[in-house]
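What follows is a short report on a single structure.
Every chain is numbered from 1, with letters handed out A, B, ... down the list of sequences. In this text, all values refer to a predicted model and were calculated from it rather than measured experimentally.
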There are 2 protein chains.
Amino acid sequence: MSTGKVRLIMIDDHELFRDGLSLFLQMQTDLEIVATAATPMELRHLLSAHQVDVVMMDISLPQQSGIDLSKQLLKEYPKLKIIFLSGNEGQAYIEQSLKAGGKGFVPKSAPKTEVLEAIRHVAGGQFYFPSELAQSIFQQYISQLHLQTDASTVTERELEVLRCFANGMSFKEIEDHLHISKKTIEHHKKAIFDKLGFSSNADLVKYAIKNNIIEL
Amino acid sequence: MSTGKVRLIMIDDHELFRDGLSLFLQMQTDLEIVATAATPMELRHLLSAHQVDVVMMDISLPQQSGIDLSKQLLKEYPKLKIIFLSGNEGQAYIEQSLKAGGKGFVPKSAPKTEVLEAIRHVAGGQFYFPSELAQSIFQQYISQLHLQTDASTVTERELEVLRCFANGMSFKEIEDHLHISKKTIEHHKKAIFDKLGFSSNADLVKYAIKNNIIEL
DNA sequence: CGATTTTTGCGGGATTCCCCCCATACTAAA
DNA sequence: TTTAGTATGGGGGGAATCCCGCAAAAATCG
C-alpha cells in the first residue's frame, strides 16, 4: 500500500449513512472506494470480483451480524483488513470485533477524521481502536483473554435456550418448543448465567437485545 | 414555503451521519441547511437564533430521547415541523413519534431520496410516514388510540416499580429500595402487566428499554 | 363541599415456578 | 482418555404468582 491507493469497500445497510460517508471518503486522494454494499451477499460478490485492501463494516447488519460475517470472510481472505463501525461503542462490541479478527473499530459518533485515521492505520498494517478505550481494553482483554474466550463461548444449544428465555418463554413452554426436559433447560440456563455473568433474567434479556439474538 | 427555500436544521449525535446527509441535502436547490446540531442544547441555541421550518431529528440522542425533546420543542415552537430519523423502524417508534407531534418518520435504512420526499411533504404541511407501514399504523393507531392512552396510564409509583424490575431487582431488593412491602410490589406489578398487556418479565424489560425507562 | 374513584399501601394462604446441588449417561472432539 | 456438550432425573427450599380482602390518602367528580 506504499504504492497506489488504498482500495476499500464499505458495507452498511443504511443507504443514508453509506452514501454520506463514501462521499466524504472519495474526496481523499489516497483512497479508492471500490464499491459499497448493503448486504453480506453483495459484499461477497464484490470481494470475489475486486481486489480489496480494507472493508469498513457496520456491526449491525441485516441477516447476519458483522462479527460473524467477518469471521467467515477472514477464512477466505486472510489478508483482508476489517474496520468495524458501530453505533454502539460498548466495550463488549470492541472485544467481539477483536476476537473476530477486526483490525479497527470506529464508533459512529466519532468525527469523520477518525474514520480516515482508522483507515490509514489499518491499511498500513496497524490496529486502530478508540484511544479513550484502548488502554483499558487492552489491559483487561489481554489479562483475561484465556478466561473470557473460554467463558464466553456460548454453545448453539445454550443460545437457543437463551433466545427462548429472552422471548419470555417459561420452562414449560421451552420444554415443548425445544423438546427437552425442564432439567436440561435449567442446566443450560445455569451455564449461560455463569458464562456471561448474569445476575438476573433482565440481564439475559438485555444481552439478547444487544447481541441481536432477539428483536426489541 | 411556496416562496423561498425550506429552512432546516438537523440534529444527530453521529457526526459521520450528520455531515454525510447534510452534504447531500445541500445539493438540493429548494433546501437550505441552516445548521446541524449534535446535542439538544445546541439545537435549542440554533432554534432561538434562526428561523427554521423543519427539524430532522434522530430519535436516539445523547442525554434525552428525540421523542421527549420534540414534545418540549413543540410547546415553544408550535409551528415547527419535526421529521424523525431512526435506525430502528419498529412500529412502536413510529407511534411514539406521532404522539410526540412528529410530522414525518424516515428509517435510516431508507434510500436518500426518501429523506427528500419526507422533507418536501412535511414542509408542504403534509405528514410523511413510510408507505409500507402507513396503512397498518393509521388503522391500528386511530382505532386503538383511546384505549391505548387510557390503558397505558402508568402511575408514577408503578413506573418506579417497573424500572426496578427492568433493572433485574428481586422483590426483596425492591422492598429495600422503595421501602414498601412485597405485597404492594406484587400489586403494582400486576397492575403494570394488566395495563400494558405484558405476558412475561421479558416483555417488561423490552418495554422499559423501548421507552427509555432503563439503559440497555 | 361532600362523595366517589384512584392510587398507594398492606396482609393471608395456596400454588406454582424457579434455583440449586446432587448424580448419571451418551457422544464427539482434543 | 480426558474434556466439553447435550440430555435427564430427584428432592428441597426459596421466590414468585394468584386468589382473595382491607384501608388510608389523594385526586377527581357531581
Check every atom of C:dT8, C:dC19, D:dT8 against the side chain of B:H187 and return the nucleotide holding the closest atom.
C:dT8

Does any donor-acceptor pair link the side chain of B:K183 with the base of C:dG9 at a separation under 3.5 Å?
no

May I have the distance from B:F193 (atom CZ) to D:dT17 (atom P), rounded to whole angstrom?
7 Å

Taking the minimum atom-to-atom distance to the side chain of A:R157, which one of D:dC18, D:dA7, D:dT17 wins?
D:dA7

Of C:dC18, C:dC20, C:dT8, the nucleotide closest to the side chain of B:E158 is C:dT8

Using OP1 and OP2 only, check whether a side-chain N or O of B:K172 sits under 4.0 Å from D:dA15.
yes

Once you round it to whole Å, what is the distance between C1' of D:dA16 and CD1 of B:I174?
11 Å

Without decimals, in angstroms, what is the distance between A:L159 CG and D:dT6 P?
10 Å

Does the pair A:D58/A:K108 count as a salt bridge with the N-to-O cut at 4.0 Å?
yes

Backbone N/O of B:H188 and side chain of B:R157: donor-acceptor pair under 3.5 Å
no

Ring geometry between A:F17 and B:F17 (parallel below 30°, tilted from 30 to 60°, perpendicular above 60°):
parallel

Ring-ring centroid check A:F84 A:F105, cutoff 6.0 Å
no

Side chain of A:I180, heavy atoms from C-beta onward: which of D:dA7, C:dG9, C:dG11 has the nearest atom to it?
D:dA7

What is the distance, rounded to the nearest whole Å, between atom NZ of B:K190 and atom P of C:dT7?
15 Å

Tell me: CD1 of A:I192 to C1' of C:dC19, nearest whole Å?
14 Å

Nearest to the side chain of B:T184, which nucleotide is it out of C:dC21, C:dG9, D:dA7?
C:dG9

Return no unless some side-chain N or O of A:T155 is found under 4.0 Å from OP1 or OP2 of D:dT6.
yes

Taking only side-chain nitrogens and oxygens of B:K182, does any of them come within less than 4.0 Å of OP1 or OP2 of D:dA15?
no

Does any donor-acceptor pair link the side chain of A:E186 with the base of C:dC18 at a separation under 3.5 Å?
no

Taking B:E186 first and then B:K190, would you say they form a salt bridge - that is, a charged N and a carboxylate O separated by under 4.0 Å?
no

Would you say D:dA16 has OP1 or OP2 under 4.0 Å from some side-chain N or O of A:N201?
no

Specify the separation, in whole Å, of atom CD of B:E173 and atom P of D:dA15.
11 Å

Between P on C:dG9 and CG on B:L178, what's the gap in Å once rounded to a whole number?
8 Å

Between B:D176 and B:K172, is there a salt bridge with N-O shorter than 4.0 Å?
no

Choosing from C:dG9, C:dC20, C:dC19, which nucleotide comes nearest the side chain of A:K189?
C:dC19

Which sits closer to the 5' end of DNA chain C, A:M169 or B:H179, going by the nucleotide each is nearest to?
B:H179

Could you give the CZ-to-C1' distance, from B:F171 to D:dG14, as a whole number of Å?
13 Å

